[in-house]
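Bear in mind the structure is a predicted one, so any value in this text is a computation, not a measurement. Reminder, nothing fancy here: chain letters follow the sequence lines and each chain counts from 1.
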There are 2 protein chains.
Amino acid sequence: MSKKPTMQDVATHANVSIATVSYVLNGVKKVSDKTKEKVFESIRELNYYPDSSAVSLSRRKSNLIGILIPMLGDSPAAMFKKNIYYNEFVSGIEVISRKNNYDTMISGVAEPEDVKGWVKKRNLDGLIYIGELPENLYEELIQLDVPLVLIDTYAKEAANYNNVRIQDERGGYLATKHLIELGHTKVAFVPTNLQTSPVDLHRMNGYRRALSESGIAFDEDLVFESYDVKFEQPALVNRIVTADPAPTGIVTVSDVLAIGVINELKKLGKSVPDDYSVIGFDDLIISEYITPPLTTVRQDIFTKGRTAAELVIASIEEESHGHNTVVLPVELVERESTRKL
Amino acid sequence: MSKKPTMQDVATHANVSIATVSYVLNGVKKVSDKTKEKVFESIRELNYYPDSSAVSLSRRKSNLIGILIPMLGDSPAAMFKKNIYYNEFVSGIEVISRKNNYDTMISGVAEPEDVKGWVKKRNLDGLIYIGELPENLYEELIQLDVPLVLIDTYAKEAANYNNVRIQDERGGYLATKHLIELGHTKVAFVPTNLQTSPVDLHRMNGYRRALSESGIAFDEDLVFESYDVKFEQPALVNRIVTADPAPTGIVTVSDVLAIGVINELKKLGKSVPDDYSVIGFDDLIISEYITPPLTTVRQDIFTKGRTAAELVIASIEEESHGHNTVVLPVELVERESTRKL
DNA sequence: CTGAAAGCGCTTACAG
DNA sequence: CTGAAAGCGCTTACAG
C-alpha cells in the first residue's frame with residue numbers, strides 16, 4: 001500500500017509550505033482564499049488526515065478523554081461486564097465526544113498510581129470518573145491538573161470539580177411516597193452499602209422524608225443492605241421475608257437489585273406485586289420487559305453520559321477548569337411490580 | 001503543578017544520555033546493570049511515564065486498537081446503547097488489550113471513509129470489526145494494511161483476515177433439536193433478516209438440519225423475520241400466533257428477540273412455555289432472571305472479545321497479518337421457557 | 001498573506 | 001556499553 005500522506009506531501013502538492021497547510025487546517029491566521037482552496041483541494045486528492053500523534057505532541061493536546069470505571073473486586077472489566085448501566089453511560093459520552101472531535105478510552109481503576117500513569121502516558125485531556133473517588137486519588141488528580149468530571153459523588157472534595165449527579169434524595173422520596181400512597185406502611189429500604197455509598201444515603205434520606213411526611217416512624221429493622229449489586233440475592237431476601245416488622249413494600253436502589261429481589265421472592269413462592277410491592281431505581285432498558293414490568297425511579301443515564309462529556313469538553317476548551325454541578329432529574333415510572341394494598 | 005517529567009529529565013537525573021534511558025525502557029541493547037539501575041531509580045523518583053504521543057510518532061505505533069461497531073440507523077451509540085451484547089464483548093477486548101499494554105477506542109461506523117480517516121488519524125495498530133463488513137469497506141481497509149479481526153462474518157472476502165465466529169449452524173441445530181426432542185413438530189424460526197445476515201442463514205441451516213434429521217419437512221411459512229433486534233415485536237408475534245400451520249415451538253436468533261417475543265405473547269394472553277416454547281440465543285446475563293428463565297443457546301461473548309483481542313495483537317506484533325479463524329463453541333442451556341409437549 | 005526554523009518527546013541507526 | 005544526532009509529523013512564534 002502507499003504510504004500515508006503527510007502534511008509535507010500536501011504542501012508539496014499544493015505548492016505551499018507546510019506552515020500554510022497547518023494554518024489552513026487549523027483555521028488560524030488569514031490565508032488567502034485561493035491558497036486555502038488549493039490546500040483543501042490537495043488534502044482531498046491525497047486523502048490526507050493529520051497524524052494525531054504529531055498533533056498531540058506539538059500541541060500538547062491529545063483530544064482524548066479517559067473514562068474511569070471503579071473496580072469491584074478483581075478485573076475492571078468484570079465491573080463493566082456486569083453492570084448494564086455503564087453501557088448507556090459510556091454511550092452518552094461517546095456520542096458527545098465524537099461530535100466534538102474527541103476520542104474516548106475506558107479504563108478500570110485499580111491503583112491510583114495507574115490512573116496517574118495512564119493520564120500522563122496518553123496525555124488525556126480530560127477525565128470522567130464514575131463514583132466516589134478514593135481519597136488518595138484526589139491528591140493524585142490534583143497534581144495532574146486535568147479537567148475532571150465526577151459522577152454520582154458527594155464527597156466534599158468533589159466541590160472542586162465538575163459534577164454530574166441525579167436527584168438521589170428525591171428518587172428515594174418518590175419511590176417511598178408511591179408505596180405509601182398505595183397504602184403500604186411497612187416499607188423496606190434496600191441500599192447496597194450505607195457505609196460506602198453516599199448515593200444510597202441520600203436516597204435513604206428521601207425514603208425517610210417520605211415516611212415522616214406521612215407520620216410513619218423510621219425503623220432501622222426495615223433497612224436491608226445488600227452489599228453487592230447483582231441478581232443473586234438469596235441471603236438478602238431471606239432477611240426480608242423473615243423480618244419483623246414484615247414489610248409489604250420494598251424500595252430498592254437499583255433495578256438490578258430489584259430484579260434480583262423479585263427473582264428470589266418468586267423462588268420462595270412469593271408473588272410480586274401480590275405479596276410484595278417492589279420498586280427499582282434506574283429504569284434499565286430491560287426493566288420494562290421483565291415480569292412483572294418494574295415500577296422504578298427513572299434516571300436518564302444516557303443524558304448523564306452526555307452531560308459528563310459536555311462538561312469535560314467545556315472544561316478542556318475553556319481552560320477554565322470550572323466546577324459546575326449538574327443535577328439531573330429523576331421520575332417515577334409506574335408499572336406492575338407495585339400494587340395498591 | 002510541576003511539569004510532567006520528560007525522558008531528558010530522567011537522563012539528567014541519572015547522569016546518562018536520553019538514548020540510554022530509551023534503551024533501558026525498551027530493554028534494547030545491552031546496558032550495564034549499574035546504569036540500568038540508576039535509570040530505573042530516576043524513573044521511579046521522578047515518577048516518569050513515557051509520552052505515548054512521542055513514542056507513537058517516532059515508533060510509528062500507537063498501541064491503540066479500534067473497535068468498530070456497525071450502526072443501525074442513526075447514531076453509532078444508539079446501537080451500542082441498545083445492545084446489551086456489546087457490553088461483554090468490549091469488556092473482553094478491554095481486558096486482553098490492557099494486559100498487553102494496548103488501549104482501545106470504540107467507534108460507530110457510518111461512512112467507510114470515516115473509518116479510514118479514523119485509522120489514519122489515530123494510527124490505530126489494529127481493528128476489530130463486528131459484523132458483516134460493507135463491501136466498500138473491505139477495499140478501504142485493504143489499502144490501510146492494518147491488522148483486522150472480523151467478528152461473525154461469513155463473507156468470502158473475510159478469508160483474507162482474522163476471524164472470530166461461533167458455531168452458528170450448530171446453535172440453530174441444538175435449539176431446534178431440543179424442541180423436537182420435547183415433542184414439538186411445528187417449530188418456528190425467527191431470524192432477524194435473512195437477506196442481510198449470513199449468521200442467521202447459518203443458524204437456519206442448523207434449524208433445517210435438525211428438522212430433516214427428524215423427518216420433519218421444512219416449511220417456509222414457519223420462518224418469521226423480525227427485521228429488528230429489539231424488545232418490541234407486536235407485528236412479528238402477531239404473525240406467529242396467526243400462522244398456519246400453528247407453531248408450538250419458537251427458535252429465535254437472539255435473547256433480546258426471545259424476550260421480546262415472550263413479552264408480546266404474554267400481552268396476548270399466551271403463556272410461555274405452556275402455549276409456546278421459546279428459545280433464545282446468546283445467554284445474556286439477564287436471561288436467567290427473566291420470567292420464565294430463558295432456555296437459550298449460550299455463546300461466550302466475553303471470550304469472543306478476548307479472542308478477538310488476542311488475534312489482533314498477535315497479528316500486530318508478528319507483523320505477519322495472518323488470517324486465522326477461530327470458531328467458538330455454543331451450548332444449549334435448558335431453563336424454563338421450553339417444555340415437553 | 002506566506003515561509004524558515006525551532007521545538008514537542010521520543011527512537012534508532014551509526015560511531016566510538 | 002554509551003552517546004550525538006537525525007528523524008517521526010506536526011505547530012507556532014518570528015520575520016518578511
Side-chain angles (χ1 to χ4, degrees), chain A residues 2-40 42-43 46-64 101 117 119-125 319, chain B residues 2-40 42-43 46-64 101 117 119-125 319:
Chain A
S2 51
K3 247 194 62 55
K4 185 174 122 176
T6 72
M7 186 171 267
Q8 184 54 257
D9 297 329
V10 175
T12 305
H13 187 279
N15 234 296
V16 296
S17 73
I18 68 164
T20 298
V21 176
S22 176
Y23 296 148
V24 171
L25 236 33
N26 296 304
V28 89
K29 305 245 182 163
K30 37 237 152 114
V31 180
S32 75
D33 283 353
K34 327 117 209 293
T35 306
K36 223 179 276 178
E37 194 41 56
K38 273 196 303 183
V39 172
F40 278 132
S42 298
I43 287 176
L46 298 182
N47 209 255
Y48 167 77
Y49 291 89
D51 180 312
S52 58
S53 301
V55 174
S56 300
L57 184 56
S58 62
R59 203 190 304 189
R60 356 256 24 253
K61 181 163 186 310
S62 62
N63 274 60
L64 245 27
N101 201 31
V119 172
K120 284 166 120 175
K121 236 180 36 185
R122 289 288 182 192
N123 293 308
L124 302 181
D125 290 338
E319 297 281 350
Chain B
S2 50
K3 244 191 65 55
K4 183 174 122 174
T6 72
M7 187 171 268
Q8 186 53 258
D9 298 328
V10 174
T12 305
H13 186 278
N15 235 295
V16 297
S17 73
I18 68 164
T20 299
V21 176
S22 177
Y23 295 148
V24 171
L25 235 34
N26 296 305
V28 93
K29 304 246 185 165
K30 40 239 152 110
V31 180
S32 75
D33 282 352
K34 326 117 209 292
T35 306
K36 224 181 273 178
E37 195 40 58
K38 274 196 305 183
V39 171
F40 278 132
S42 298
I43 288 177
L46 299 182
N47 209 255
Y48 167 75
Y49 290 89
D51 180 312
S52 58
S53 301
V55 174
S56 300
L57 184 55
S58 62
R59 203 189 305 188
R60 358 255 24 252
K61 182 162 184 313
S62 62
N63 274 59
L64 246 27
N101 201 30
V119 172
K120 285 166 120 176
K121 235 181 34 185
R122 289 287 183 193
N123 292 309
L124 302 180
D125 290 338
E319 297 281 351

Could you check whether any side-chain heavy atom of [X] comes within less than 4.5 Å of a side-chain heavy atom of [Y], counting everything from C-beta outward?
X: B:H13; Y: B:V21; result: no
X: A:S42; Y: A:F40; result: no
X: A:K36; Y: A:V39; result: no
X: B:D51; Y: B:T6; result: no

For the side chain of [X], starting at C-beta, report the closest nucleotide among [options].
X: B:D51; options: C:dA4, D:dT11, C:dC10; value: C:dC10
X: B:A54; options: C:dC10, D:dT11, C:dG3; value: C:dC10
X: B:N26; options: D:dC10, D:dT12, C:dT11; value: C:dT11
X: A:T35; options: D:dT11, D:dG3, C:dC1; value: C:dC1
X: B:M7; options: C:dT11, C:dG9, D:dC10; value: C:dT11
X: A:T20; options: C:dT2, C:dC10, D:dC10; value: C:dT2
X: B:S17; options: D:dG3, C:dC1, C:dC10; value: D:dG3
X: B:A19; options: D:dG9, D:dT2, D:dA4; value: D:dA4
X: A:S58; options: C:dG9, C:dT2, D:dT11; value: D:dT11
X: A:S22; options: D:dC8, D:dT11, C:dC10; value: D:dT11

Nearest-angstrom distance from the residue atom [atom1] of [X] to [atom2] of [N]:
X: B:L57; N: D:dC10; atom1: CG; atom2: C1'; value: 8 Å
X: A:D9; N: D:dC8; atom1: CG; atom2: C1'; value: 13 Å
X: B:K121; N: D:dG9; atom1: NZ; atom2: P; value: 18 Å
X: B:Q8; N: C:dC10; atom1: CD; atom2: C1'; value: 11 Å
X: B:N63; N: C:dC10; atom1: CG; atom2: P; value: 15 Å
X: B:K4; N: C:dC8; atom1: NZ; atom2: C1'; value: 11 Å
X: A:I18; N: C:dA6; atom1: CD1; atom2: C1'; value: 11 Å
X: B:K34; N: D:dT2; atom1: NZ; atom2: P; value: 9 Å

Q) Which atom names give the shortest non-hydrogen contact between A:K4 and B:K120, and what distance separates them? A) NZ-O, 2.8 Å
Q) Among side-chain atoms of B:N123 and B:S56, is any donor-acceptor pair under 3.5 angstrom? A) no
Q: Examine the side chains of B:S17 and B:T20 and answer whether a donor and an acceptor come within less than 3.5 Å of each other.
A: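 Checked: B:S17/B:T20 side chains pair up, N/O donor to acceptor below 3.5 Å.
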Q. Which part of the nucleic acid, if any, lies within reach of B:V16 when heavy atoms closer than 4.0 Å are counted: base, sugar-phosphate only, or nothing?
A.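 Here B:V16 touches the backbone only, sparing every base.
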Q) NA contact type, B:L25, heavy-atom cut-off 4.0 Å: base, sugar-phosphate, or nothing? A) nothing
Q.
Quick check on DNA chain D: between A:S53 and B:N15, whose nearest nucleotide comes earlier from the 5' end?
A.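 It is B:N15, whose closest nucleotide lies nearer the 5' terminus.
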Q) Closer than 4.0 Å, any side-chain N/O of B:S32 to the OP1 or OP2 of D:dT2? A) yes
Q) Do the side-chain N or O atoms of B:R60 get closer than 4.0 angstrom to the phosphate oxygens (OP1, OP2) of C:dT11? A)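 Checking C:dT11 against B:R60, no side-chain N or O comes under 4.0 Å of OP1 or OP2.
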Q: Kindly say whether A:A54 contributes a backbone atom to a donor-acceptor pair with the side chain of A:S58 at under 3.5 angstrom?
A: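 Indeed, once roles are kept as given, a pair shorter than 3.5 Å links the two residues.
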Q) With distance as the sole test, does A:S52 use its side chain to make a donor-acceptor pair with the main-chain N or O of B:K121 at under 3.5 Å? A)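 Yes, because the side chain of A:S52 sits within donor-acceptor range (under 3.5 Å) of the backbone of B:K121.
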(Q) Just to be sure I follow the notation: if a pair is Watson-Crick (purine N1 to pyrimidine N3 plus N6-O4 or O6-N4) or a G-U wobble (N1-O2 and O6-N3), each under 3.5 Å, what dot-bracket string does DNA chain C give, with | for pairs to another strand? (A) |||.||||||||.|||
Where do N or O atoms of nucleotides 14-16 of chain C meet protein N or O atoms at under 3.5 Å, pair by pair?
from	atom 1	to	atom 2	distance (Å)
C:dC14	N4	B:K29	NZ	3.0

Q. Does the side chain to side chain contact (heavy atoms under 4.5 Å, CB included) test come out yes or no for B:M7 and B:S22, once each step is laid out?
A. CA-CA 8 Å; B:M7 187 171 268; B:S22 177; 3.9 Å; yes
Q. Under the side chain to side chain contact (heavy atoms under 4.5 Å, CB included) criterion, do B:I43 and B:L25 qualify, and how do the steps go?
A. CA-CA 10 Å; B:I43 288 177; B:L25 235 34; 3.4 Å; yes
